[in-house]
Amino acid sequence: VIYLDNAATSWPKPEPVYAALESFLRTAGANPGRGSHVMAARAAATLDETRRKLARIIGVADPRRIVFASNTTDALNLAIKGLLRPGDHAVTTVMEHNSVRRPLRALRDQGVDVSTVAADAEGITSPEDFTAALRPETRLVVLTHASNVNGAVQPVAEIAAAVRAHSDAFLLVDAAQTLGALPFTMDELDADLLAFPGHKGLMGPPGTGGLAIGPRVRPDDLRTVREGGTGGNSEEDVQPAELPNRYEAGTLNTVGIAALGAAAEVVLELGVPAIRAHEAALVNRLVDGLEEIPGVRVLAPRDPERRAAVVSFLIEGWEPVDIGAALDSSFGIACRTGLHCAPDACKALGASPGGTVRFSPGYFTTEAEIDQALEAVEQLARATWG
């Protein structure tokens, strides 16, 4: 199989990830913080070590400000629903995934107002449009770092500067397509909160992710959306205020987090700039090749620096779902088709209602696989265009 669906979940995983899944369950598969025995202590130490590695990658000084979640959606729900109250105003963009759109839509019914910033034909938003959307009651600005539809990298730092100049609103960044794949830190983005997956650019297992909480965000600002046991403060019937326990009620996905720690170590050893360089070369090769095929329309930013490792395209005369089925059955290419849980983004890119075909290479993708994918697309396009 030629796997080009890394924007959904990276595959394959680094070998240390597979090893960590087994070894943790065999030697440390107890509840962290819920006992004084050796296995519980070993589990707690593993979680702490993973937290420290993630803090290094994200550029967070205090690892306790990395809160584990089951995925990016879980982290975004915590941030969005924890921050916004009735009467508040939020600003977002047309390029968002449903993990942002749907929580905001649910909060509209509870008295939260939402403004949506447009994007240009390449899916990139403008800092000036964010400034124009701000109000005195704006409490949250939330946007994706890079589109999961066409890989458009947003000018987050410039948007943050525009927001800071006119508002005290918090800035929440959805880093689902960028953490581990693009070199940056929270300080460089000037983000207050950063939601991320463990199973994409970080190359960890599914069921992992987290929310990085910046120093501007206090416990009183970010309410809990789930309460329960934390292994401490058991005599109290309120959730503790200290991080990360405040937002980690219940038993965590300890085996997944242990494997995420192994993946994070791989990312640290390789270096995110090296990962970015490899994936950028593949994306450039892919975009250049697709643009040479008659009948193919590429939905990628022109500037290579504005592209994450996500490329969408269309073939005139074909429905995206049929392209995906043909690529899978005839060429062994795994990709994603449709709206990608981001219907407004597809509409902004002129790819509605059918959506797009999305190729998303990863660190383990080779140039030969890109060339085979291009040959497959050319054969399909030739069936229509001759």
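Minimum heavy-atom separation, P320 to L314: CG-CD2, 3.9 Å. Residues T138 and S167 approach most closely at O-OG, 4.0 Å, considering heavy atoms. The shortest heavy-atom contact between G338 and C346 is O-SG, 4.2 Å. The shortest non-hydrogen separation linking V153 to L182 is CG2-CD1, 4.0 Å. Between L327 and A376 the shortest heavy-atom distance is CD2-CB, 3.8 Å. Residues R139 and L83 approach most closely at NE-O, 2.5 Å, considering heavy atoms.
Annotation: salt bridge (charged side-chain N to carboxylate O under 4.0 Å, His left out) contacts involving residues 18-30, sequence neighbours excluded, comprise E22-R26. Residues in residues 186-238 take part in no ring pair (Phe, Tyr, Trp, His ring centres under 6.0 Å) pair, two or more places apart or across chains. For residues 103-146, the set of pairs meeting the ring pair (Phe, Tyr, Trp, His ring centres under 6.0 Å) definition, not counting sequence neighbours, comprises H145-F184. For the salt bridge (charged side-chain N to carboxylate O under 4.0 Å, His left out) condition, the pairs that include at least one residue of residues 55-67, sequence neighbours left out, are D62-R64. For the salt bridge (charged side-chain N to carboxylate O under 4.0 Å, His left out) condition, the pairs that include at least one residue of residues 182-202, sequence neighbours left out, are R164-D190, R164-D192, D192-R216.
In the hydrophobic cluster analysis, where Ile, Leu, Val, Met, Phe, Trp and Tyr join through side-chain heavy atoms closer than 4.5 angstrom, I370 is grouped apart from Y3. Grouping the Ile, Leu, Val, Met, Phe, Trp and Tyr side chains by contacts below 4.5 angstrom, directly or via other members, places L260 with L47. Tracing side-chain contacts under 4.5 Å through hydrophobic residues (I, L, V, M, F, W, Y), one never reaches I159 starting from L104; they form parts of separate clusters. Under the 4.5 Å side-chain heavy-atom criterion for ILVMFWY residues, no single connected hydrophobic cluster contains both V149 and F313. Transitive grouping of hydrophobic side chains (ILVMFWY, heavy atoms separated by less than 4.5 Å) keeps V310 and I323 in distinct clusters.
Partners of E137 under the salt bridge (Lys or Arg N to Asp or Glu O under 4.0 Å) rule, at least two apart in sequence or in another chain, are R135. Partners of K13 under the side-chain hydrogen bond (donor to acceptor under 3.5 Å, both in side chains) rule, at least two apart in sequence or in another chain, are S10. Taking the side-chain hydrogen bond (donor to acceptor under 3.5 Å, both in side chains) definition, one finds that N245 meets it with nothing, sequence neighbours left out. Scanning for side chain to side chain contact (heavy atoms under 4.5 Å, CB included) contacts around A152 gives I124, S147, N150, Q154, P301, with sequence neighbours left out. Evaluation of the salt bridge (Lys or Arg N to Asp or Glu O under 4.0 Å) rule for R276 yields no partner, not counting sequence neighbours. Listed by chain and number, the residues in a side-chain hydrogen bond (donor to acceptor under 3.5 Å, both in side chains) with E375 are Q379 (sequence neighbours excluded). Residues satisfying the side chain to side chain contact (heavy atoms under 4.5 Å, CB included) test with F364, not counting sequence neighbours, are P12, P14, M203.
Between the side chain of N98 and the backbone N or O of R101, no donor-acceptor pair lies under 3.5 Å. Under a 3.5 Å cut-off, the side chain of Q110 and the backbone N or O of P86 do not form any donor-acceptor pair. T92 contributes a side-chain N or O that, together with a main-chain N or O of V142, makes up a donor-acceptor pair within less than 3.5 Å. Remark: the backbone N or O of A280 is paired with a side-chain donor or acceptor of N284 at under 3.5 angstrom. With hydrogens and angles disregarded, a donor-acceptor distance shorter than 3.5 Å links the side chain of R51 to the backbone of I66. With E367 contributing its side chain and L282 its backbone, the two residues share no donor-acceptor pair below 3.5 Å. Looking at H166, its side chain does come within 3.5 Å of a backbone N or O of A162 through a donor-acceptor pair. Using modelled atom types, one side-chain atom of Q177 and one backbone atom of A7 make a donor-acceptor pair closer than 3.5 Å.
Across N77, L172, L194, a single residue satisfies side chain to side chain contact (heavy atoms under 4.5 Å, CB included) together with L211, and that is L172. For the side chain to side chain contact (heavy atoms under 4.5 Å, CB included) with L179, the qualifying choice from V272, L202, V267, T72 is L202, the only one to do so.
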- Test T356 against H340 for side-chain hydrogen bond (donor to acceptor under 3.5 Å, both in side chains), laying out the working first. CA-CA 8 Å; T356 76; H340 315 292; 2.6 Å; yes
- prompt: Checking side-chain contact (heavy atoms from CB on, under 4.5 Å) for the pair L54/T50: CA distance, chi angles, key distance, verdict?
  reply: CA-CA 6 Å; L54 292 172; T50 299; 4.1 Å; yes
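Surrounding CD of E158 are more than 12 heavy atoms belonging to other residues, nucleotides or ligands, all under 6.0 Å away.
In summary, E122 and R306 do not engage in a salt bridge, as defined by a charged side-chain N under 4.0 Å from a carboxylate O. A salt bridge links E265 with K53: the closest approach of a Lys/Arg side-chain nitrogen to an acidic carboxylate oxygen falls below 4.0 angstrom.
A donor-acceptor contact closer than 3.5 angstrom links the side chains of T93 and E96.
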